[in-house]
Amino acid sequence: DQQVKQNSPSLSVQEGRISILNCDYTNSMFDYFLWYKKYPAEGPTFLISISSIKDKNEDGRFTVFLNKSAKHLSLHIVPSQPGDSAVYFCAAMHEAGTALIFGKGTTLSVSS
Amino acid sequence: ETGVTQTPRHLVMGMTNKKSLKCEQHLGHNAMYWYKQSAKKPLELMFVYSLEERVENNSVPSRFSPECPNSSHLFLHLHTLQPEDSALYLCASSQAGVGEEWNSPLHFGNGTRLTVT
């Protein structure tokens, strides 16, 4: 059973608009969440993270929101740029765990 | 070189072959990981090494054999693989801490694209 779910396989957005990528999780022990970005033929690159003691973390154009009661997090990219086109993976872990658990990814396409 | 380096980038092997994937990290991290990425599936954790000791073996078949000779190097030895083992194999490293420093992002290599014929 998937513990981290990204239910939208793809998202298309126009340049300059906001991109919102969603992620749901089932394990209430998760307390650290990350987003990774992956271009073809490259490994995933760490983008932004959030600890469960926070509900928002911002880094430039990227903001991650965490709703613990709903077991839901989202990544907002604003404004979106064509270079943001990639696969975005949501990942989670807990202190007692040994590694990250990933979702299946959402392919973001930003058109100019 | 910086970051996490994986070789080879591409590998084609027959089911009776024996090959090895290599990973090297230049980040001074103390934990290393093997993940498998198959089409339309999440990244699946295979093995975790912390301070050169294997701390997790995620129900991986014995035809995959990891080796971690030191904190900078990680290998995945392959033998008698099946076509369904064809996937992207990703190595990662992190600075696994304790207490307030327990969480840190994983840094990934670019992967080895494995095809088993």
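These numbers come from the heavy atoms of this one structure, side chains and all, not from hydrogens, waters or symmetry mates. A, B, ... follow the sequence lines: proteins, then strands. Residue 1 opens every chain.
- Aromatic ring centres of Phe46(A) and Phe108(B): separated by at least 6.0 Å.
- Proximity of a side-chain donor or acceptor of Arg9(B) to a complementary backbone N or O of Ala41(A) within less than 3.5 Å is detected.
- Of the atoms belonging to Phe89(A), it is side-chain heavy atoms, and not backbone ones, that fall under 4.5 Å from chain B.
- Considering only heavy atoms from C-beta on, Lys104(A) stays 4.5 Å or farther from Gln37(B) through its side chain.
- Looking at Tyr36(A), its side chain does come within 3.5 Å of a backbone N or O of Leu106(B) through a donor-acceptor pair.
- The closest side-chain heavy-atom distance from Leu100(A) to Tyr33(B) is not below 4.5 Å.
- Annotation: the span from Lys38(A) atom NZ to Leu88(B) atom CG amounts to 5.5 Å, rounded to 0.5 Å.
- Cluster annotation: Met15(B) is connected to Tyr89(B) through the hydrophobic network of ILVMFWY side chains, with a link wherever side-chain heavy atoms come within less than 4.5 Å.
- Counting heavy atoms from C-beta on, the side chains of Pro44(A) and Leu43(B) come closer than 4.5 Å.
- Transitive grouping of hydrophobic side chains (ILVMFWY, heavy atoms separated by less than 4.5 Å) keeps Leu21(B) and Phe75(B) in distinct clusters.
- Using a 4.5 Å cut-off between heavy atoms, Gln6(A) does not touch chain B at all.
- Here the side chains of Tyr32(A) and Pro105(B) are in contact, with some heavy-atom distance below 4.5 Å.
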